[in-house]
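I have placed the structure first, in the form of structure tokens, so that the comments after it can refer back to it.
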Amino acid sequence: MSEVVLKSINKVFKGTQPLKRKWWEIWRPLSKPVDVHVVKDVGLDIKDGEFLVLVGPSGCGKTTTLRMIAGLEDITSGEIVIDEKVVNDVSPKDRDIAMVFQNYALYPHMNVYDNMAFGLRLRKFSTDEIESRVQEASTLLGIQNLLNRKPKELSGGQKQRVAMGRAIVRRPKVFLMDEPLSNLDAKLRVQMRAELQKLHRSLGVTTIYVTHDQTEAMTLGDRLVLMKDGVIQQIGPPLKLYQDPANQFVAGFIGSPSMNFVPCKVKKTDEDIFLESSGFTIRLPEGKKEKLGPFIDREVVIGIRPEDLYDRMFAHDYTPENIFTAKVDVVEPMGSEIYIYLSSGKDTLIARMSANTRAKVGDNIEAVIDINKIHVFNPVTEENLFHTGG
């Protein structure tokens with residue numbers, strides 16, 4: 001078993017903050033000590049063979065968490081357990097992990113073969129074993145014809161394959177990957193994502209992968225861990241986070257284009273409960289209305305995915321309560337689909353519609369909201385009132 005367990009991990013960096021003083025106030029200090037709490041009580045249970053993705057905006061603590069697992073960063077408090085062994089005080093070389101970095105970190109004076117074999121030589125593996133492992137990994141990655149080249153003779157994608165090969169020959173218990181595709185162009189990133197998926201299925205090694213790219217996270221991870229300001233916001237399979245976000249941050253971060261957020265007021269009549277914005281009024285489906293009882297005559301924020309907005313001309317299932325008129329401000333053709341930026345009252349929304357839509361800039365169209373797929377957020381706590389948990 002190669003489980004990785006993080007038990008209430010914290011990381012605090014010690015720093016200083018400059019202080020202002022008058023030129024004559026020489027007795028006042030120039031700075032004061034400041035602690036920066038970058039990872040806060042992170043708890044994770046990463047299963048054997050799982051591909052787990054740590055995702056979030058820059059500065060959320062995901063890379064620091066990865067570096068603590070690797071032993072490259074000391075933890076302030078908590079426990080890290082790899083394969084049922086607490087490794088807090090174990091050196092990086094003895095944790096039986098292999099790390100793939102963003103910048104490849106290849107030795108420029110060595111050829112591909114020597115780059116891949118270097119770690120094995122340090123560990124005193126036999127020549128035959130090194131040869132066997134390098135040939136096996138290079139064949140798996142399709143770089144067996146590059147073994148005699150130097151890094152400067154390789155493309156970005158080839159360098160990344162070599163970096164992965166150097167990790168694979170180690171046959172570690174855990175792979176740690178820190179944004180390994182971020183230096184590649186868009187087309188190559190898509191190709192390498194597919195290669196990574198095939199590689200993981202082939203090797204079955206527990207993998208912890210860091211990225212700020214939510215598309216990369218959605219396509220690669222068995223589970224996602226979405227972080228913000230050092231705190232885990234939600235853990236779950238990619239579609240769970242997409243379809244049932246725990247809060248407004250998760251809803252806005254996962255999905256491209258991002259979810260539309262519209263301030264609304266909850267209105268109640270004798271017959272029904274409605275959500276009223278400056279541009280439209282919609283009626284909620286049965287089963288969701290009762291959750292808005294505490295918010296009658298109060299503000300909430302509704303979330304609508306761009307693909308849940310339709311042009312009425314191409315909608316098959318709608319009622320008068322979920323149709324509104326909107327002006328087309330911008331049209332972005334994307335090939336098989338089209339992004340349309342709409343304004344209605346004070347509200348602005350983006351819709352992802354079929355390329356068959358004939359809307360042009362300046363047109364007024366009748367837009368339909370799929371009321372079964374909207375989310376409603378508490379404007380103070382940002383929690384999703386319709387979140388089912390997990």
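All heavy atoms count here, side chains included; hydrogens, waters and symmetry mates do not. Computed from a predicted structure; not experimentally measured.
- In this structure a side-chain-to-backbone donor-acceptor pair under 3.5 Å is missing from Asp363 to Ala359.
- A donor and an acceptor atom, one from each side chain of Tyr209 and Glu216, are located under 3.5 Å apart.
- For Ile97 against Pro92, the heavy-atom pair with the smallest separation is CG1-O, 4.3 Å.
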Go through the steps to decide whether Val81 and Val4 satisfy the test side-chain contact (heavy atoms from CB on, under 4.5 Å), and finish with yes or no. CA-CA 6 Å; Val81 180; Val4 179; over 6 Å; no

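- Under the 4.5 Å side-chain contact rule for hydrophobic residues, Val12 and Ile9 do not share a cluster.
- Heavy atoms only, all atoms of each residue included: Pro172 and Ala98 are closest at CG-CB, 3.6 Å.
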Is there a side-chain contact (heavy atoms from CB on, under 4.5 Å) between Leu342 and Asp329? Walk through the geometry before answering. CA-CA 6 Å; Leu342 304 170; Asp329 294 325; 5.9 Å; no

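- Between Ile254 and Leu226, the shortest heavy-atom contact is CG1-CD2, 4.2 Å.
- Inspection of the Ser182 and Gln102 side chains reveals an N or O donor paired with an N or O acceptor under 3.5 Å.
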Given Arg133 and Asp128, is the side-chain contact (heavy atoms from CB on, under 4.5 Å) satisfied, shown in steps? CA-CA 9 Å; Arg133 291 195 183 196; Asp128 289 345; over 6 Å; no

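- The pair Asp114-Arg121 counts as a salt bridge, with a side-chain nitrogen and a carboxylate oxygen less than 4.0 angstrom apart.
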Step-by-step side-chain contact (heavy atoms from CB on, under 4.5 Å) determination, Phe13 to Glu73: CA-CA 10 Å; Phe13 286 109; Glu73 202 74 67; 3.7 Å; yes

Salt bridge (Lys or Arg N to Asp or Glu O under 4.0 Å) between Glu136 and Arg171: does it pass, once the steps are laid out? CA-CA 11 Å; Glu136 181 184 351; Arg171 297 179 185 171; 2.8 Å; yes

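- The closest side-chain donor-acceptor pair between Asp41 and Ser8 falls under 3.5 angstrom.
- Side-chain atoms of Arg161 never come within 3.5 Å of backbone atoms of Ser138 as a donor-acceptor pair (strictly under, hydrogens ignored).
- Rounded to the nearest 0.5 angstrom, Lys373 NZ and Ile371 CD1 are separated by 12.5 Å.
- Annotation: the span from Ile69 atom CD1 to Ile82 atom CD1 amounts to 7.5 Å, rounded to 0.5 Å.
- Separation of atoms CG (Asn378) and CD (Glu299) is listed at 11.5 Å; rounding is to 0.5 Å.
- In this structure, Arg352 does not pair ionically with Glu332, as no charged nitrogen and carboxylate oxygen lie closer than 4.0 Å.
- More than 12 heavy atoms of other shown residues, nucleotides or ligands fall within 6.0 angstrom of atom CG in Asp35.
- Remark: the backbone N or O of Ile80 is paired with a side-chain donor or acceptor of Asn88 at under 3.5 angstrom.
- Put simply, Leu184 and Val55 are part of the same group of oily side chains (I, L, V, M, F, W, Y) that touch within less than 4.5 Å, one to the next.
- Listed here is the closest heavy atom pair of Lys11 and His37: O-CD2, 3.4 Å.
- Scanning all heavy atoms of the two residues, the minimum distance from Gly43 to Ile235 falls at O-CD1, 4.3 Å.
- The side-chain heavy atoms of His387 and Pro245, taken from C-beta on, include no pair separated by under 4.5 Å.
- Under the 4.5 Å side-chain heavy-atom criterion for ILVMFWY residues, no single connected hydrophobic cluster contains both Phe253 and Ile350.
- Although no hydrogens or angles enter the test, the distance criterion places no donor-acceptor pair under 3.5 Å between the side chain of Asp244 and the main chain of Leu241.
- Checking Thr348 against Lys327 by side-chain atom types alone, no donor-acceptor pair falls below 3.5 Å.
- A distance of 10.5 Å separates CG of Leu220 from CE of Met192, quoted to the nearest 0.5 Å.
- Using a 4.0 Å cut-off between charged side-chain N and carboxylate O, Glu195 and Lys198 make a salt bridge.
- In this structure, His200 contributes its side chain and Gly49 its backbone to a donor-acceptor pair below 3.5 Å.
- Across all non-hydrogen atoms, the minimal contact from Asp45 to Glu50 is O-OE1, 4.3 Å.
- Residues Ile374 and Ile369 have side chains in contact (heavy-atom distance under 4.5 Å, counting atoms from C-beta outward).
- No donor-acceptor pair under 3.5 Å is formed between the side chain of Ser77 and the backbone N or O of Ile75.
- Both Phe386 and Ile296 are members of a single hydrophobic cluster when ILVMFWY side chains are connected at heavy-atom separations under 4.5 Å.
- Side-chain N or O atoms of Arg170 include none that pairs as donor or acceptor with a backbone N or O of Arg166 at under 3.5 Å.
- With hydrogens and angles left out, the side-chain atoms of Asp83 and Ser2 include no donor and acceptor closer than 3.5 Å.
- Looking at Met164 and Val162, their side chains never come closer than 4.5 Å, going by heavy atoms from C-beta outward.
- For the residue pair Ser31/Gln17, the side-chain donor-acceptor check at 3.5 Å is not satisfied.
- The six-membered or imidazole ring of Phe377 lies near that of Phe261, with a centre-to-centre distance under 6.0 Å.
- Both Val39 and Leu72 are assigned to one and the same hydrophobic cluster, defined by single-linkage of ILVMFWY side chains at heavy-atom distances under 4.5 Å.
- No side-chain donor-acceptor contact under 3.5 Å links Glu129 to the backbone of Ser126.
- Ion pairing between Asp213 and Arg189 holds under the 4.0 Å rule for side-chain N and carboxylate O.
- Rounded to the nearest 0.5 angstrom, Phe280 CZ and Cys264 SG are separated by 5.0 Å.
- One N or O on the side chain of Gln197 and one on the backbone of Thr219 form a donor-acceptor pair closer than 3.5 Å.
- A donor-acceptor pair shorter than 3.5 Å cannot be found between the side chains of Asn364 and Thr325.
- Between the side chains of Tyr113 and Glu131, at least one donor N or O lies within less than 3.5 Å of an accepting N or O.
- Within the model, atoms CD1 of Ile208 and OG1 of Thr65 stand 10.0 Å from one another, a figure rounded to the nearest 0.5 Å.
- Side chain to side chain, Ser344 and Asp347 fail the donor-acceptor criterion of an N or O pair below 3.5 Å.
- Counted by atom type alone, Gln234 and Asn247 present zero donor-acceptor pairs between their side chains at under 3.5 Å.
- The backbone N or O of Ser155 sits less than 3.5 Å from a side-chain atom of Gln158, completing a donor-acceptor pair.
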